[in-house]
Amino acid sequence: MPDIQIHDKVFVPFISKEKIDSQLAVIAERINTDYAGKIPLVIGILNGSFIFAADLFRLLTIEAEISFIKLASYKGTTSTGNVVTAIGMEENLKGRHIIIVEDIIDTGKTLASFMPEILSRQPASVKIATFLSKPEALQHDVKADYCAFEVENNFVVGYGLDYDGLGRNLPELYVLK
Ligand code: IMP
Ligand code: MG
């Protein structure tokens with residue numbers, strides 16, 4: 001796989017589609033076991049999680065529902081620190097088993113600020129599935145229950161993650177050169 005340029009930056013191949021697929025299979029199997037008979041409601045956080053959520057959801061063999069909400073806290077390669085409130089939470093979460101799906105837990109601010117809103121709706125349980133986490137960058141009390149890859153604190157694009165809007169459609173993950 002060649003290096004790629006997005007806007008002003010060069011990115012190099014980091015995690016292949018084969019590795020992504022095999023890790024997703026592992027996570028999906030755990031979810032299939034943990035949630036058998038529970039009909040979980042998977043909530044994908046847009047935009048970044050849409051590809052991970054779709055691929056993971058396809059691998060679920062149990063009965064499950066999916067919905068998406070929109071939040072945002074990032075512009076460029078550094079956090080703006082702004083977290084926008086959830087848009088599109090129409091489902092009744094009361095008594096439901098919720099699996100939040102994120103593209104990446106970086107500082108953890110997005111999920112830390114969103115969790116109280118979820119919990120206030122009295123779900124039966126809430127777990128977090130994330131495609132990536134950057135343990136070195138974590139600043140909030142957020143922990144993924146299902147994580148495909150723990151990565152170092154470098155900026156990545158592809159598989160749903162963007163650099164200023166671009167790169168989400170790359171099938172593999174790239175890291176800033
Ligand atoms: P948080 O810092 O955990 O709140 O992460 C906020 C959001 O920043 C994530 O959901 C991503 O959309 C975005 N983000 C964090 N790190 C990266 C990265 O390396 N590449 C692309 N987006 C990122
Ligand atoms: Mg995001």
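Atoms within each ligand, like the ligands themselves, are counted from 1 in listed order.
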Subject >> Polar proximity ligand 1 side, Gly108 side, N/O cut 3.5 Å exclusive >> reply: yes

Original post:
Does any N/O atom on Phe155 come nearer than 3.5 Å to any N/O atom on ligand 1?
Top reply: no

**OP:** Among Lys38, Gln122, Glu65, find the one that has a side-chain contact (heavy atoms from CB on, under 4.5 Å) with Arg96.
**Re:** Glu65

Check whether any heavy atom of [X] sits under 4.0 Å from an atom of ligand 1.
X      : result
Leu161 : yes
Ile45  : no
His140 : no

Original post:
Under 30°, 30 to 60°, or over 60°: which ring-plane class applies to Tyr35 and His97, parallel, tilted or perpendicular?
Top reply: perpendicular

**OP:** Please work out which of the three classes, parallel, tilted or perpendicular, describes the rings of Tyr163 and His7, given edges at 30° and 60°.
**Re:** perpendicular

Original post:
How would you list all residue pairs meeting ring-ring contact (aromatic ring centres under 6.0 Å, His included) that involve residues 40-62, not counting sequence neighbours?
Top reply: Phe52-Phe131

Original post:
So between Thr107, Leu111, Leu71, Ile104, whose heavy atom ends up nearest atom 1 (P) of ligand 1?
Top reply: Thr107

Original post:
Of the choices Asn153, Thr110, Val157, which has the non-hydrogen atom that lies closest to atom 6 (C) of ligand 1?
Top reply: Thr110

Original post:
Between the side chain of Glu63 and the main-chain N/O of Ile39, is any donor-acceptor distance below 3.5 Å?
Top reply: no

Subject >> Expected output: side-chain Ser133 to main-chain Pro135 donor-acceptor under 3.5 Å >> reply: no

**OP:** State the atoms of ligand 1, each with its element, that fall below the 4.0 Å cut-off from a heavy-atom position in Lys134.
**Re:** 16 (N), 17 (C), 18 (C), 19 (O)

Subject >> Close-contact set for ligand 1 against Glu102 heavy atoms, below 4.0 Å >> reply: 10 (O)

Original post:
Looking only at heavy atoms, is any part of Asp162 under 4.0 Å from ligand 1, and if so is it the side chain, the backbone, or both, or is it neither?
Top reply: backbone

**OP:** Would you kindly say whether Ser67 and Glu91 are connected by a side-chain donor-acceptor distance under 3.5 Å?
**Re:** yes

